[in-house]
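Remarks on the structure that follows.
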Amino acid sequence: MKKMYLVAVFLLIGIATTQAQTQPDTIAIEEVLVVSQQNLKGTNIDLKSIQIESPHDVGAIFRNQSGFGIIKKGNYGMDPVLRGFKYSQLNVQFDGGVKSANACPNRMDPAISQISPEDIEKIEIVKGPYDMRYQSFGGLINIVSKRPAYNPNKPVDTKIDLGYQSNGNNYYGNINSLYAGKKFDFLLNAGYKDYGNYKSGNGTVIPSSFSRWDYTVKAGWNFSAKQRLQLTFRQGKASDVLYAGLPMDADFDKSTISSLDYALSDVSKVVRNIKIKLYTSLVDHQMSTRRRPSWKMVEAVSPLKAQVYGGRTEFKLATGSRNTLYAGADFKEIAKQGNRNRKVIINPCTGVTLPSPMNVIDKIWQDSKRDNIGLFAENRFEVSKGITWTAGLRADRTSYQINDPADDFKAQYNNNIQPEAKILPSVSSLLNWYINRDWSLQWAIAIAQRAPDLSEVFINHLSIGTDAYEYLGNPNLKAETNHQSDVRLEYNTDNLKVYGDAFYSYLTNYISAKLDTSIHKKFMACNPPYGTKVFTNIDKAFMTGFEAGAEVKFLNNFTYSLSAAYTYAQNSTLNEPLPEIPPFTVNSFIAFENKKVQTRIHGRFAAEQNRVSKAFAESTTPGFSVFDWDFSYSPAKAVSINASVTNIFNVNYVEHLSRAYKNSGAETGSLYYEPGRSFHIGLRVTL
């Protein structure tokens with residue numbers, strides 16, 4: 001914790017050195033990207049796009065975004081996949097650096113699930129490892145939450161949302177209330193959702209129910225026009241969450257995330273601003289098999305916890321008339337604890353009831369920690385009026401600690417279970433050339449490294465993959481390295497935008513899992529599949545692909561959009577495809593908008609994915625076409641009525657990245673089908 005105290009000292013020094021001079025009323029704290037036209041680094045999902053789809057889960061927002069897919073284990077807690085990068089290969093953060101972590105090894109509770117969609121102002125995306133101010137191996141997702149904006153004509157504003165969805169008999173409600181003064185502002189966002197089991201296109205009931213409440217409090221103080229202190233506190237709890245794609249369900253998932261931000265602008269002619277952030281994230285999660293038929297045989301309960309403590313300091317320096325330098329440091333500690341407690345009532349191999357139940361404790365996380373200290377510098381230089389060059393450097397030191405190792409884990413690695421600390425340098429370069437008023441060209445190249453996460457290093461015999469194997473961590477893993485380049489060409493006028501982005505990523509020491517039949521399973525050892533998958537490094541792999549699209553505005557109120565994305569990923573060492581890669585996908589919509597009405601018909605077309613990994617026991621999935629209709633009408637300034645029909649033609653389809661169906665007793669085979677047709681009606685009132 002000494003590192004945290006050091007960051008706190010920086011915070012106090014910053015406050016003590018403030019100078020009160022006239023500045024604009026707003027000091028932005030949350031945003032990451034400051035150059036909106038850097039398209040490789042600045043792809044945004046804005047509030048309007050989020051609101052028109054009314055997603056119930058933040059992960060679902062990425063379903064219709066070009067280049068993205070989502071890994072679905074249930075109807076709650078979906079994980080985004082960018083091109084082919086997933087999990088800790090993507091840096092998912094809140095408000096410019098706040099990090100959280102999943103307590104569940106199966107990622108029932110990914111960090112992205114710990115914020116409500118109604119709490120989001122926009123989502124900033126960096127496609128690729130091209131931002132050295134933050135760790136970015138395969139991409140960066142920065143979720144910016146809402147903040148009160150000073151309006152002297154309306155300092156108080158309240159919005160109430162209520163809605164119902166037919167497929168699942170789903171209800172939701174949300175209130176967003178704020179006060180924004182010149183010196184002080186306050187925001188409260190609170191919501192509740194109650195979702196039931198939905199039906200697929202062929203009428204099969206899919207176990208997918210959950211309930212969740214959450215709230216966010218954000219308070220800001222503008223000590224002067226140059227400095228701002230902001231406190232954010234967020235809590236949420238999901239209960240009775242069913243995961244059809246996992247062997248267990250979640251009894252509850254509680255999260256508490258808090259952050260303290262300080263921003264000081266115009267310190268001097270060279271020091272343009274200083275930003276300091278401290279944050280904590282606490283997750284309390286419990287999963288069990290109490291809703292599964294296997295509960296009568298073996299009662300399995302896993303109470304798990306995860307904590308993240310972190311902070312960052314960043315300086316924006318004007319080192320020349322055409323040069324801006326960002327430099328700073330960040331720190332993050334992730335700690336995880338928890339076991340799987342099994343009460344064996346019936347011998348799963350013989351079917352014989354035991355004379356007395358046998359209690360077994362499986363150490364899952366082994367009370368492990370991972371610390372990361374990073375130093376970074378990113379320089380933006382205006383070469384000429386139409387050319388800008390951004391170059392960045394970053395160095396991260398990652399270390400690990402295991403405090404409660406299991407005996408079999410120690411025996412497996414001959415007591416050599418303490419990973420060595422890793423110092424990982426990364427470098428990036430991005431060139432923007434605005435050829436003329438309409439045409440622009442971007443070229444980016446980077447080398448980035450990622451240290452293994454705690455599950456890859458320390459997980460101890462748990463089914464966390466797409467298959468039924470147990471997985472075992474490996475403390476001897478090397479860091480992954482991504483050598484990536486993107487080239488993007490864009491034509492952009494007032495009424496027409498056309499773009500194409502091609503990328504290539506060469507990966508060394510890619511982290512995957514390999515079957516070892518000499519290591520026996522711990523749970524249901526008598527039943528297939530036999531052996532254990534151990535995390536290992538693959539020498540060579542690569543991903544390549546593209547995103548392309550066009551958007552045209554016509555007849556004043558109409559917009560038509562068409563985009564396509566494809567990733568080809570190959571394990572060069574095993575000469576087979578990499579697993580969990582989104583198929584070729586096309587998104588298209590036509591929309592109409594005026595002051596009172598917004599409506600859109602959206603279509604998504606996914607091809608069959610037959611490039612699958614045999615080593616991961618991955619299944620091929622058929623292609624599909626699905627259409628949605630969204631509608632919003634404002635009969636008065638303070639009232640908005642929203643309606644939609646999703647999966648209009650009631651298609652029975654499955655997403656390739658969804659986990660195999662593991663909810664015992666359901667007759668759906670191994671495919672996890674998406675919701676069939678659903679009608680939605682919502683009401684928003686502004687007070």
Side-chain angles (χ1 to χ4, degrees), residues 69 71 73 79-90 102 105-107 110 129 137-139 245-246 370 398 400 409 412-413 419 422 424 448-484 504-519 521 529-545 567-583 609-620 656-660:
I71 294 177
K73 296 142 290 189
D79 256 319
V81 176
L82 173 57
R83 293 169 170 171
F85 296 104
K86 56 186 180 296
Y87 305 148
S88 60
Q89 293 176 328
L90 296 177
N102 56 295
N106 270 306
R107 297 180 66 89
F137 179 81
L246 294 176
R370 171 182 155 172
T398 303
Y400 300 87
F409 191 80
Q412 181 65 41
Y413 294 104
K422 298 174 173 61
L424 306 175
Q449 299 190 73
R450 180 186 75 89
D453 62 31
L454 287 177
S455 62
E456 294 164 335
V457 176
F458 293 129
I459 199 68
N460 189 31
H461 284 275
L462 200 73
S463 297
I464 61 173
T466 58
D467 48 42
Y469 287 101
E470 292 180 353
Y471 283 68
L472 182 66
N474 182 356
N476 301 314
L477 285 175
K478 300 175 184 178
E480 288 182 328
T481 303
N482 180 17
H483 312 75
Q484 185 168 334
Y504 180 83
S505 169
Y506 174 66
L507 300 155
T508 57
N509 292 321
Y510 184 83
I511 297 176
S512 184
K514 183 179 179 180
L515 178 63
D516 189 334
T517 56
S518 68
I519 303 176
K521 293 195 301 182
Y530 302 109
T532 299
K533 282 193 172 181
V534 182
F535 283 103
T536 187
N537 290 109
I538 294 174
D539 291 339
K540 299 177 183 179
F542 71 88
M543 300 183 195
T544 187
T567 296
Y568 181 95
Q570 183 76 1
N571 181 335
S572 303
T573 301
L574 297 181
N575 193 28
E576 71 165 32
L578 287 175
E580 296 185 303
I581 303 298
Q609 180 57 292
N610 51 22
R611 282 187 49 80
V612 295
S613 169
K614 293 182 180 178
F616 262 73
E618 193 177 20
S619 301
T620 61
H656 177 70
L657 296 178
S658 292
R659 289 296 180 90

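Residue numbers count from 1 along this sequence.
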Heavy-atom distance under 4.5 Å between the side chains of Y87 and E580, does that happen here? yes
Side-chain touch I511/R450, heavy atoms, less than 4.5 angstrom: yes
Would you check, one step at a time, whether the test side-chain contact (heavy atoms from CB on, under 4.5 Å) holds for L454 with Y400? CA-CA 8 Å; L454 287 177; Y400 300 87; 4.2 Å; yes
Minimal non-hydrogen separation, T620 against N610, with atom names: CG2-CA, 3.7 Å
If we only count heavy atoms from C-beta on, is the I464 to L462 side-chain gap below 4.5 Å? yes
Should V612 and H656 count as side-chain neighbours, where that means a heavy-atom distance under 4.5 Å? yes
Run the numbers on S613 and E618 for side chain to side chain donor-acceptor pair (under 3.5 Å), then give the verdict. CA-CA 5 Å; S613 169; E618 193 177 20; 5.0 Å; no
Answer yes or no: is there a side-chain heavy-atom contact under 4.5 Å between K73 and N106? no
So do L472 and H461 actually touch side chain to side chain, heavy atoms under 4.5 Å? yes
Interatomic distance, NZ@K514 vs CG@L574, rounded to 0.5 Å, equals 7.5 Å
Only residue of F137, Y504, Y506 satisfying ring-ring contact (aromatic ring centres under 6.0 Å, His included) with H483 is Y506
Okay, side chain of S463, backbone of Y469: is any donor-acceptor separation there less than 3.5 Å? yes
Least distance between heavy atoms, S88 atom then D453 atom: OG-OD2, 3.0 Å
Mind listing the closest non-hydrogen atom pair of V457 and P419 along with its distance? CG1-CG, 3.7 Å
Straight-line distance of R83 CZ to S505 OG, nearest 0.5 Å: 9.0 Å
Given side-chain contact (heavy atoms from CB on, under 4.5 Å), test I519 with K533 step by step and report yes or no. CA-CA 8 Å; I519 303 176; K533 282 193 172 181; over 6 Å; no
Closest heavy-atom pair and its distance - A451, K422: CB-CD, 4.5 Å
Would a distance-only check, ignoring hydrogens and angles, find a side-chain to backbone donor-acceptor pair under 3.5 Å from K86 to D79? no
Nearest 0.5 Å please: distance from the CG atom of L82 over to the CG atom of L90. 5.5 Å
With side chains defined as the heavy atoms from C-beta onward, is the minimum distance between P475 and Y413 less than 4.5 Å? yes
Test item: E480 side-chain N/O and L507 main-chain N/O as donor-acceptor pair under 3.5 Å: no
Rounded to the nearest 0.5 Å, what separation is found between the CD1 atom of I538 and the CG atom of N509? 10.0 Å
Shortest non-hydrogen separation from I459 to P105 and the atoms involved: CD1-CB, 3.6 Å
Using atom types as modelled and distance alone, determine if a side-chain donor or acceptor of T573 lies under 3.5 Å from a backbone N or O of K540. yes
Please check: side-chain N/O of N537 versus main-chain N/O of K478, any donor-acceptor pairing under 3.5 Å? yes
Can a side-chain donor-acceptor contact be found between T532 and E470 if the only test is distance below 3.5 angstrom? no
Any chance you could measure N571, atom CG, to F542, atom CZ, to the nearest 0.5 Å? 10.0 Å
Is R370 reaching over with its side chain to a backbone N or O of P452, donor-acceptor style, under 3.5 angstrom? yes
Could you check whether the rings of Y471 and F535 sit parallel, tilted or perpendicular, using 30° and 60° as the cut-offs? tilted
Minimum heavy-atom separation for A448 and P129, please, with both atom names. CB-CB, 3.6 Å
From CG (N482) to CD (Q89), nearest 0.5 Å: 8.5 Å
Looking only at atom types and distance, does a side-chain atom of R611 sit under 3.5 Å from a main-chain N or O of A569, one as donor and one as acceptor? yes
